[in-house]
Amino acid sequence: MSSKLPKKSEENLELPTFPASEESLSRSEKLKYVFVRNPFIPLGCLMTVGTFLASGYYIRRENHLMANKFMRYRVMSQGFTLAALAFSVLFIGPPRREAPSNSSGSINSEIKK
Amino acid sequence: MNLSTKFQGHPYHIVSASPWPFFLSVVLFFNCLAATLYLHGYKHSSVFFGISFLGLLATMYLWFRDMSTEANIHGAHTKAVTKGLKIGFMLFLISETFLFASIFWAFFHSSLSPTFELGAVWPPVGIADKTIDPLEVPLLNTVILLTSGASLTYAHYSLIARNRENALKGLYMTIALSFLFLGGQAYEYWNAPFTISDSVYGASFYFATGLHGIHIIVGTILLLVATYNIYTYHLTNTHHNGFECGIYYWHFCDVVWLFLYLTIYIWGS
């Protein structure tokens, strides 16, 4: 049993497999992929929630002008998130990396056998 | 003259008995009943629904009118009362957050480990090639909602800066955009190739987006009331609690939509 286990150097084959080419993905799959790849999208989400909460804090403190300012920042943050998403779809796309072959002795292929 | 009957020694609003909560509950009951009958194809149920809906609108108008009178004419909404109303509204928004969190939970519970009955994949077998393209109407709706957030913030700033005309213009634009958003949602539902009964995918999709749509309708009603109040000079640059809460509610709906768009439309399709 132990002889069938992969060597240390083969462990990197356990990384998530990437698509062979950009063309092999549908539009929604591409979007899904770039959402994971582009950290500006979750960052934009955090900024949106943060500015929204700050706006609520100033509403509670009766500071109308500051509340309004943070509402503007909230709109900007959400616009930034959407821009990051659009940028990813248009310019980044999925990486052009060949998919590792399943017949090279990885744990997954061993299990399948 | 007994002064104690003319003046109160505290800043709180002791509300008088109002018939509207009872009226509203009765009207809502008939509304639900009529809607259920309509969905089951009973004769003349659409007329019944129309009448009960008019009753709902009338009760809402009367209750809003009473509140506006208490706030703007009786002067019942003192600083202490406004503070209480704001705390109440924030608590309401927290409960709303948990409501949406439960829907997201249901969605992720079903999508992260799809059951055998679904084909062990997400979207489920049979629906995978029928999901809505996130770059079509949903993207347009996202942009519309974001623009409405900007126009509403403009209206808020204009009111603070004592510019009534621009505040009204910003509100008109926001309301128009909200109707556009709802039209987009209706178009999407009308043309969707799956229904609410098409597995847990359809259930979670329509539950999440439908509940958000209902929130947009409520937000639009709040903004319509605020527009009326500004139009009739009831709000000032320092005293506009209802309007500010309505604006915050709208921004809340906008933030929820961002997460709905990213998770259900993009990640989940």
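Quick note on labels: first sequence line is chain A, next is B, and so on, each numbered from 1.
- Proximity to chain B (any heavy atom under 4.5 Å) is restricted, for A:L82, to the side chain, taken from C-beta onward.
- Applying the side-chain hydrogen bond (donor to acceptor under 3.5 Å, both in side chains) criterion to A:R61, with sequence neighbours excluded, gives A:Y57.
- Contact annotation for residues 80-95 of chain B against chain A (heavy-atom separation below 4.5 Å, listed by residue number): B:T82, B:K83, B:K86, B:I87, B:M90.
- Shortest non-hydrogen contact noted between A:G79 and B:L146 is CA-CD2, 3.6 Å.
- Contact of the A:F70 side chain with the B:T153 side chain is not registered, since no non-hydrogen atoms from C-beta on lie closer than 4.5 Å.
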Intermediate values then yes/no, side chain to side chain contact (heavy atoms under 4.5 Å, CB included), A:L85 and B:I266: CA-CA 11 Å; A:L85 187 71; B:I266 294 177; 3.6 Å; yes
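- More than 12 heavy-atom neighbours from other residues, nucleotides or ligands sit within 6.0 angstrom of CZ on B:F108.
- In the displayed structure, B:F100 atom CZ is contacted under 6.0 Å by more than 12 heavy atoms of other residues, nucleotides or ligands.
- Between chain B and the options A:V75, A:V49, A:N68, heavy-atom pairs under 4.5 Å are most frequent for A:N68.
- At a 4.5 Å heavy-atom cutoff, the contact between B:I160 and chain A is made by side-chain atoms alone.
- Of residues 248-256 of chain B, those residues with a non-hydrogen atom less than 4.5 Å from any non-hydrogen atom of chain A are, in numerical order, B:Y248, B:H251, B:F252, B:D254, B:V255.
- Applying the ring-ring contact (aromatic ring centres under 6.0 Å, His included) test to every pair with at least one member in residues 155-179 of chain B, sequence neighbours left out, gives these pairs: B:H156-B:H240.
- Heavy-atom pairs under 4.5 Å with chain B peak, among A:R72, A:H64, A:K69, at A:H64.
- Considering all non-hydrogen atoms of both residues, B:L258 and A:C45 come closest at CD2-SG, 4.2 Å.
- Surrounding OH of B:Y228 are at most 12 heavy atoms belonging to other residues, nucleotides or ligands under 6.0 Å away.
- At most 12 non-hydrogen atoms from other residues, nucleotides or ligands lie less than 6.0 angstrom from CZ of A:F40.
- There is no contact between A:S77 and chain B, counting heavy-atom distances below 4.5 Å.
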